[in-house]
Amino acid sequence: MTGTQSNSFSLLDKRIQQYIWSEKWEALRDTQELAIPAILTGNIDTIISAATAAGKTEAAFLPALSYLLSVDPNGLIIYIGPLKALINDQFLRLEKLCALLEIPVWPWHGDISSSIKSKFRKNPKGVLLITPESLEATLFNQGSSLNGIFSRLLFVIIDELHIFIGSERGKQLQSLLHRIEVIRSKRIIRIGLSATLGDMSLAAEFMCPNRTDAVAFIESKNDTKDLLIKVRGFEEPAHTICKPSSSLTNIIEAVDIDADVDVTSKNTSKQPAIAPAQIATDLFDVMRGSNNLIFPNSRADVELFTNKLQELCEFNKVPNEFWPHHGNLSKELRSETEEALKQTEHPATAICTSTLELGIDIGSVKSVAQIYPPPSVASLKQRLGRSGRRDNEPEILRGYVVEKEFGNDNPSLADDLRLSTLEFTACISLLIEKWFEPPVLNGLHLSTLIQQILSAIGQDGGIYAGPLYQLLCSNGAPFSGITKCDFLDLLSNLGKKELLMQDSSGLLLHGRVGESIVNHFSFYAAFSSPAEFRIVAGGTTLGTLPVKMMLKKGQRILFAGRTWSVEDIDDDKKVIFVQRARGGVPPAFIGGRGRVHTKVRQRMYELLLSEDTPSYLDNMAIKFLVQARSFFKKKELEGAKFIDQGEQVTLLTWLGDNANEALSCLLGFHGISAIASGPTIEVQKRGSSVDSVIKVLHVISHSDLPNVDLLLADASNIEREKWDWALSPGMLRQSYASLYLDLPEAIDWATQVA
DNA sequence: GACCTGCTGCGGGATG
C-alpha cells in the first residue's frame with residue numbers, strides 16, 4: 001500500500017503506517033478510510049457500523065492511537081467491551097501494534113489479577129480495555145483519585161454498541177460516561193462500534209444524548225451477502241405433547257419423579273412429542289461433516305437436542321460432532337465446545353442459546369439452524385451473521401417449525417391459524433427486507449438509578465440531594481426525565497428501605513441495608529441473576545441450574561447433553577450432587593416467549609391475506625400455510641376485529657405484545673377483564689355483549705390517557721430489574737410501563753375499531 | 001416474561 005492510493009493512510013502516524021506495511025495489508029477497508037479523518041480531528045463523536053468484525057476495531061484504534069501519539073503520548077484511551085472474552089481477544093490484537101508504539105495496553109475485568117490493576121492506577125496511560133462493571137467498581141472505589149486516573153483521557157471506544165442500547169446495562173454505561181465527564185468537567189469524545197444498526201440516529205441518541213447532531217456516521221457499504229433459506233415443517237400427532245406451547249406442562253409433569261420411567265409418558269393419554277426426534281434426525285443428516293450452529297430457543301431444548309444428536313452419533317457408530325453451549329454450563333464445558341468449533345481437524349456443530357450469538361470468534365460456520373420461530377427478527381439476523389463469514393460464502397439458514405395435527409380435541413385459534421409457521425415466515429420476510437426491531441430507548445430503568453445513587457455516594461463519601469439530582473437527573477444526564485418531586489419521593493423510599501440515611505446536615509449516606517449491598521462485589525453489575533444450584537458429579541462442577549421447581553433425590557435430569565440422577569441436594573450450599581444415568585427429562589427452566597413486535601404480527605396478518613408461497617418453505621410448511629389461509633377464509637377473519645366465543649370475546653388486534661398488554665390494561669381500567677394472548681386479546685364477557693366491549697373501546701379512544709398508577713393499580717408481579725424491589729409502587733409502575741406498555745398503539749387500534 | 005452479559009481492594013503470609 002502507498003500513500004498515493006489512500007489519503008487516509010497518509011494521515012496516520014508514521015510508525016502505524018510501517019506496521020500496516022509489515023502486516024502486508026492490501027488496502028484499508030471502507031470504514032477505515034472514512035473513520036481515520038473523522039477520528040483524527042479529535043473532536044467528533046463517531047459511530048462505525050459494519051456487519052462483521054472485519055476491521056472495525058482497527059478503524060477506531062488506528063486513528064485514535066495516531067491522535068494520542070501526536071497530541072499527548074501519555075494520554076489514555078478507554079475501550080469498553082461487553083464480554084470478558086472480547087476484551088481478551090482485543091488485547092491480543094492490540095498488543096503487537098502498541099508494543100511497537102511503546103503504548104501500554106491494560107486488560108481489566110474480573111479475571112485480571114489485581115497487581116495489573118494497581119500498576120495501571122499508578123500510571124494511568126495507554127489503552128485501558130474494561131467492562132462497564134469494572135469501570136463502575138473503579139468509580140465507586142477510587143473516588144479520591146479519579147481526577148488523576150482520567151486526567152489525560154482522550155477517547156472512549158464502545159464495542160458492540162447495539163448490545164447496550166435499551167437495557168439496564170446500557171443505562172448504567174450512559175451514566176458512567178456522564179459521571180466521567182462531570183469528573184473531568186469536559187466532553188469526552190465517544191466512538192461506537194456496532195453490527196449493522198437499523199436506525200443510526202437511535203444509536204447516536206443512546207451514545208451521545210443531547211449532542212446527536214454532531215455525530216459522524218460511518219457505515220460499511222460491503223455488507224451484502226447471498227442468503228440461502230430452507231424451512232421444514234413437522235406435524236406433531238394430536239395425541240402427543242406438542243412443543244413449544246406445552247413446555248410448561250412438561251415441566252410440571254416432570255416434578256413427580258420417584259418412578260423409573262420417563263415421566264412425560266406417565267400420562268396415558270399423551271405420548272412424548274415425536275417432532276423433536278424427527279428434527280434431530282434431519283439435523284444429523286444435514287449438519288454432519290461441517291461446522292454449524294443450532295439455535296433452539298431455550299436451555300432446556302439445547303439439552304434435549306444435544307442429547308438426541310449425540311445418541312444418533314452413538315447409534316450410527318460415528319464420532320460425536322455435536323456439542324452444547326449455554327449460560328448454565330461451566331466455563332470448562334463451554335470452552336470445550338468453543339475449542340471443538342475452532343479446531344479444524346474434525347467438524348463440529350454447537351447447539352446453543354444466545355451465548356454464541358455475540359461476537360466471540362468461533363471460526364467459520366457453514367450454516368445456522370433455527371428451531372421454532374426466533375425470539376425476534378433482530379436476533380435471527382444476529383444468529384445468521386455467524387455463518388458465511390468468509391468472502392464469497394453465502395449465509396445459510398435452516399428453519400424448523402412444528403404444528404399440531406388436526407385431531408379430535410378442541411384446537412385453539414393458535415393451532416388453527418398455524419401461528420408458529422406464520423411467525424417464522426413473517427420474521428424471514430422482514431429479515432429479507434432488512435427490517436428489524438428498533439431498540440427501545442425510552443425505558444426509565446429506575447432500578448439502575450438506584451444503583452447509580454448508591455455508587456455516587458460511595459464515590460464522594462456522601463453527597464447532598466441537590467448535587468445528586470444535578471449529577472444524575474438534570475438536562476443531559478442519563479435520568480433527565482425524572483422530576484425533582486419524583487426524585488425526592490425515590491430518596492425517601494430508599495430511606496424507608498434503609499438503603500440510604502441522612503446525617504444531621506442532610507448529607508446522604510448508605511443506610512444499613514445499602515451498606516451491605518455496596519460492600520459485596522455483586523453491586524457493580526446493573527443486572528441481576530437468579531439464585532442457582534451448582535451441579536456436581538464426582539467432585540466436578542458441571543455447571544449451574546436455576547431451580548425454581550421442586551427437586552427430589554432419584555430424579556433424572558438432562559444436563560450438558562447427558563442424563564444424570566440426583567443423588568443428594570444441599571439446600572444451604574445450593575449444590576445438587578448427581579451421577580450418570582440413562583433416560584431423563586430436560587431441566588426445569590421456566591420459560592415463555594420473548595415479546596413480539598407489532599411489525600411481525602402485521603406481517604403475519606399480511607401473509608394470511610396473500611396468496612404467494614415463499615419458495616423457501618418445504619411441502620409440509622406450505623401445507624401449514626395453506627391450512628392457515630383456508631381457516632382464515634372459512635371463518636371470514638379478513639378485517640375481523642372480534643370473534644364471539646360464548647363466554648369470551650377474542651379481539652383480533654394483530655398488534656405486538658406491548659400494545660396488546662397496554663390495551664388489556666385500558667380495558668381493565670374500564671371494568672372489562674382482558675388478557676393479552678399472542679396476536680389477540682381475550683376478553684371475559686361476564687354477561688355483557690360484544691357491543692358493550694365496542695362501547696368501552698369508544699370511550700378509551702375519546703378519553704384522556706389515565707395515568708399509569710391507575711392503569712397498573714391491580715397489576716402484580718411487575719418487578720423486572722435488579723433494584724425494582726426498592727422502588728415505591730408508583731415509580732415501579734412508571735418504570736414497568738416505560739418498558740412494556742405501548743399506549744399510543746393501543747389507543748390507535750381502539751380508535752380504528754370504535 | 002426467551003436468552004445473555006458481569007463482579008473489589010486490601011492485608012496477611014509465604015516465597016524468592
Side-chain angles (χ1 to χ4, degrees), chain A residues 80-87 108-121 130-143 145 159-160 162-164 167-170 172-173 176 243-245 247-248 295-302 325-329 331 334 352-360 370-376 378-380 382-383 423 451 455 458 517-530 532 544 546 548 589-596 657-658 660-661 675-678 715-722 736 739-741:
Chain A
I80 299 173
L83 301 175
K84 290 191 280 195
L86 209 51
I87 284 173
W108 186 315
H109 53 66
D111 299 344
I112 301 291
S113 83
S114 55
S115 61
I116 292 182
K117 295 175 183 174
S118 66
K119 254 188 225 159
F120 168 79
R121 276 197 296 268
I130 196 167
T131 61
E133 288 73 20
S134 286
L135 196 54
E136 183 77 68
T138 303
L139 288 184
F140 181 81
N141 290 305
Q142 307 295 325
S145 37
D159 204 357
E160 306 281 1
H162 58 287
I163 304 277
F164 292 109
S167 71
E168 288 160 284
R169 215 178 172 202
Q172 175 187 32
L173 177 57
L176 293 170
K243 283 285 295 174
S245 59
S247 59
L248 199 60
F295 291 95
N297 293 332
S298 68
R299 289 168 289 194
D301 279 341
V302 166
H325 199 280
H326 61 71
N328 285 107
L329 292 175
K331 205 173 162 187
R334 283 159 75 163
C352 56
T353 56
S354 36
T355 40
L356 291 182
E357 202 176 291
L358 299 170
I360 311 164
Q370 171 66 49
I371 307 177
Y372 312 126
S376 64
S379 120
L380 182 63
Q382 186 85 19
R383 291 172 179 187
E423 188 178 331
Q451 180 202 32
S455 181
I517 288 176
V518 300
N519 282 334
H520 192 266
F521 60 77
S522 57
F523 170 66
Y524 307 117
F527 55 90
S528 66
S529 330
E532 286 172 348
T544 58
K548 293 178 185 165
F589 303 113
I590 307 274
R593 296 274 335 272
R595 295 182 85 91
V596 177
D657 289 323
N658 285 9
N660 277 345
E661 190 169 323
I675 186 153
S677 167
S716 55
N717 186 28
I718 56 171
E719 287 177 16
R720 290 289 177 275
E721 302 187 335
K722 192 173 180 182
Y736 179 86
L739 286 171
Y740 300 112
L741 298 186

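Chain identifiers are assigned alphabetically (A, B, ...) following the order of the sequence lines, protein sequences preceding nucleic acid strands; residue numbering begins at 1 within each chain. Computation of the quantities below employed the complete heavy-atom set of this structure, encompassing side-chain atoms and omitting hydrogens, waters and symmetry-equivalent molecules.
Residue Ser134(A) places at least one side-chain N or O closer than 4.0 Å to OP1 or OP2 of dC7(B). Contact annotation: Thr131(A) side-chain N/O to dC7(B) OP1/OP2 distance is under 4.0 Å. Residue Arg334(A) places at least one side-chain N or O closer than 4.0 Å to OP1 or OP2 of dT5(B). Contact annotation: Arg169(A) does not reach the phosphate of dC4(B) (side-chain N/O to OP1 or OP2, under 4.0 Å). For Ser522(A), no side-chain nitrogen or oxygen approaches OP1 or OP2 of dC7(B) to under 4.0 Å.
For the pair His520(A) NE2 and dG6(B) C1', the computed distance is 13 Å after rounding to whole Å. If you take CG of Leu135(A) and C1' of dT5(B), they are 16 Å apart, rounded to a whole angstrom. Taking atom CD of residue Glu357(A) and atom P of nucleotide dA2(B), one finds them 15 Å apart after rounding to whole Å. Per the geometry, CG belonging to Asn328(A) stands 10 Å off C1' belonging to dC3(B), to the nearest Å. Between the CD1 atom of Ile130(A) and the C1' atom of dT8(B) there is a distance of 12 Å, given to the nearest Å. Distance Glu168(A) CD to dC7(B) P: 16 Å, rounded to the nearest Å. Computed from coordinates, the His326(A) NE2 to dA2(B) P distance equals 15 Å when rounded to whole Å. For Glu133(A) and dG6(B), the CD to C1' distance is 4 Å, given to the nearest whole Å.
With centres under 5.5 Å and a plane angle under 30° as the test, the ring of Tyr524(A) is not stacked against the base of dT8(B).
Using a 4.0 Å heavy-atom cutoff across all strands shown, Phe164(A) reaches no nucleic acid atom at all. Nucleic acid contact for His109(A): sugar-phosphate only, since backbone atoms but no base atoms lie under 4.0 Å from a heavy atom of the residue.
Other residues, nucleotides and ligands place more than 12 heavy atoms under 6.0 Å from the CD1 atom of Ile718(A).
The shortest side-chain heavy-atom distance between Lys722(A) and Gln451(A) does not fall under the 4.5 Å cut-off. At a threshold of 4.5 Å between non-hydrogen side-chain atoms, the residues His109(A) and Glu133(A) do not count as touching.
To the nearest 0.5 Å, the span separating CG on Asn141(A) from CD on Glu136(A) amounts to 10.0 Å. To the nearest 0.5 Å, the span separating CD1 on Ile163(A) from CG on Leu173(A) amounts to 12.5 Å.
Ranking dT5(B), dA2(B), dC7(B) by closeness to the Pro375(A) side chain, first place goes to dA2(B). Comparing atom distances between the Thr355(A) side chain and each of dG6(B), dC4(B), dG1(B) picks out dC4(B) as nearest. The Phe527(A) side chain lies nearest to dG6(B) when the options are dG6(B), dT8(B), dC3(B).
Between Arg383(A) and Phe523(A), the residue anchored closer to the 5' end of DNA chain B is Arg383(A), taking for each the nucleotide with the nearest heavy atom. Heavy-atom nearest nucleotides on DNA chain B were determined for Arg720(A) and for Asn519(A), and the one closer to the 5' end corresponds to Arg720(A).
Side-chain N or O atoms of Asn660(A) include one that pairs as donor or acceptor with a backbone N or O of Gly678(A) at under 3.5 Å. Remark: the backbone N or O of Pro82(A) is paired with a side-chain donor or acceptor of Arg169(A) at under 3.5 angstrom.
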Just the atom pairs and distances: protein N or O near nucleotides 9-13 of chain B's N or O, under 3.5 Å.
| from | atom 1 | to | atom 2 | distance (Å) |
| --- | --- | --- | --- | --- |
| dG9(B) | OP1 | Arg121(A) | NH1 | 3.3 |

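Among residues two or more places apart in sequence or in another chain, the ring-ring contact (aromatic ring centres under 6.0 Å, His included) test is passed with Phe140(A) by Phe523(A).
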